[in-house]
Amino acid sequence: MIVALEGPIVAAMALVMLVAGTTNGLAGFGFALVGTMALATVIDPATAVVFMIIPILAVNLSLVRELSRDELQNCSRRFSPLIAAALVGTVVGMAVLDSIPTAPLRVGLGALTLGFVVTAQQRIPLPKWSMGGSRNITHTRIGMVGVGGVSGLLFGGTNVGVQLIAYLRSFELSHGLFVGVVALVFLGLNGIRIGVASLLGLYPNQALLLVSIAAAVPAAIGVTIGKRLRVTASERSRRLVVLGLLTVIGFRLVSGGLELI
């Protein structure tokens, strides 16, 4: 897992962070997904996953501050089985990350991206099972452990956390509380991922770590830009832009992994 941090590569990383941040500010989601998948088209996918850890942490840190102390304590207790299981799964996912061949990982990331587009689009109705119909079972503490473990494993190895977002959305929380809870979960996951990545030697060099820290700046700028655009953009146009971008990235990853281009 090596990447040469030459000028064009660093510039591309900064541009990706800006676009991913703008996407997140515009649509309210998508920073980790857009950032990781876009980077995986120009650098080693495993490196892209590790590179995004610190910027994701920075973005979620600002969102957690929207929760009051009581909400923070209540949510921590309520979702503690989910968070604990996801932490374990995340560590396991990161442990196997560096052993996954580049081509299959690139194809897998592309497939996950396109799968998210299919479930997020609203034009074609999907069967109820695809939207998580077994709500009563998954909302128990045992269900949280199962969902958290599997989701953490996937998130640890790919940065794809849409399954956790969909699961938390099923609790029908208010928008503000939902955003805060999502940020709380991913803040905890990414906090431990920094330490695990260092211990496992997933950062190939110190330069990549420093660039990852610096990447929080264009990410934050992008979020600010996206929030301003959100005021004038309709929900339909926001969704069209985000899903269109992810579709292009998804096909690019799959075709690149299969060596079609």
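Heavy atoms only: backbone and side chains are in, while hydrogens, waters and symmetry mates are out. Nothing here was measured: the structure is a model prediction, and the numbers come from that model.
- Shortest non-hydrogen contact noted between C75 and L184 is CB-CD2, 4.1 Å.
- Figure legend: R193 and F186 shown without cation-pi pairing, the cationic atom not lying both under 6.0 angstrom from the six-membered ring centre and within 45 degrees of its axis.
- With rounding to the nearest 0.5 Å, the separation of OG in S198 from CD1 in I53 is 8.5 Å.
- Contact detail for G21 and F31: the closest heavy-atom pair is N-CD1, 3.6 Å.
- Of the possible polar contacts, none joining the T47 side chain to the I43 backbone as a donor-acceptor pair under 3.5 Å is found.
- Taking the six-membered ring where tryptophan is involved, the planes of F79 and F171 are perpendicular, since the angle between them exceeds 60° and thus also 30°.
- For N159 (side chain) and A32 (main-chain N/O), no donor-acceptor pair under 3.5 Å exists by modelled atom type.
- In this structure, L187 is a member of the same hydrophobic cluster as L173, with clusters built from ILVMFWY side-chain heavy atoms closer than 4.5 Å.
- Minimum heavy-atom separation, V49 to G156: CG1-O, 4.2 Å.
- Going from atom CE of M94 over to atom CZ of F155 covers 9.5 Å, rounded to the nearest 0.5 Å.
- Side-chain N or O atoms of T232 include one that pairs as donor or acceptor with a backbone N or O of L229 at under 3.5 Å.
- Rounding to the nearest 0.5 angstrom, the gap separating the CD atom in Q206 from the OG atom in S212 is 12.5 Å.
- Annotation for P55 and A215: closest pair CG-CB, 3.9 Å, computed over non-hydrogen atoms.
- Annotation: side chain of L57 is in contact with side chain of I194 (closest heavy-atom distance under 4.5 Å).
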Practice problem: Show your working on side-chain contact (heavy atoms from CB on, under 4.5 Å) between V16 and V42 and close with a plain yes or no. | Solution: CA-CA 10 Å; V16 167; V42 295; 5.6 Å; no
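- Under the 4.5 Å side-chain heavy-atom criterion for grouping Ile, Leu, Val, Met, Phe, Trp and Tyr, L168 is connected to L177 within one hydrophobic cluster.
- The shortest non-hydrogen separation linking A48 to T36 is CB-O, 3.9 Å.
- If you chain together hydrophobic residues whose side chains sit under 4.5 Å apart, L258 and V248 never meet in one group.
- Between the side chain of N60 and the main chain of I56, a donor-acceptor pair closer than 3.5 Å is present.
- Atom-to-atom distance recorded for L208:CG and I54:CD1 is 9.0 Å, nearest 0.5 angstrom.
- The main-chain N or O of D70 is never found under 3.5 Å from a side-chain atom of Q73 such that the two would form a donor-acceptor pair.
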Quiz prompt | side-chain contact (heavy atoms from CB on, under 4.5 Å) between T23 and L33, worked out | solution = CA-CA 10 Å; T23 302; L33 189 59; over 6 Å; no
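- Rounded to the nearest 0.5 Å, atoms CZ (F51) and CG (L39) are 6.0 Å apart.
- Of all heavy-atom pairs spanning A111 and V254, the tightest one is N-CG2, 3.8 Å.
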Quiz prompt | side-chain contact (heavy atoms from CB on, under 4.5 Å) evaluation trace for M144 with S80 | solution = CA-CA 9 Å; M144 284 189 185; S80 58; over 6 Å; no
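- Atom OG1 of T158 and atom CE of M52 lie 12.0 Å apart (nearest 0.5 Å).
- L199 and Y203 fall into different hydrophobic clusters, where Ile, Leu, Val, Met, Phe, Trp and Tyr residues are linked whenever their side-chain heavy atoms come under 4.5 Å apart, directly or through other members.
- No chain of hydrophobic side-chain contacts below 4.5 Å, direct or via other Ile, Leu, Val, Met, Phe, Trp or Tyr residues, connects V92 to L82.
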Quiz item: Hey, mind stepping through L18 and I221 against side-chain contact (heavy atoms from CB on, under 4.5 Å) and telling me if it holds?
Solution: CA-CA 7 Å; L18 184 65; I221 294 173; 3.9 Å; yes
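- The backbone N or O of A38 sits less than 3.5 Å from a side-chain atom of T41, completing a donor-acceptor pair.
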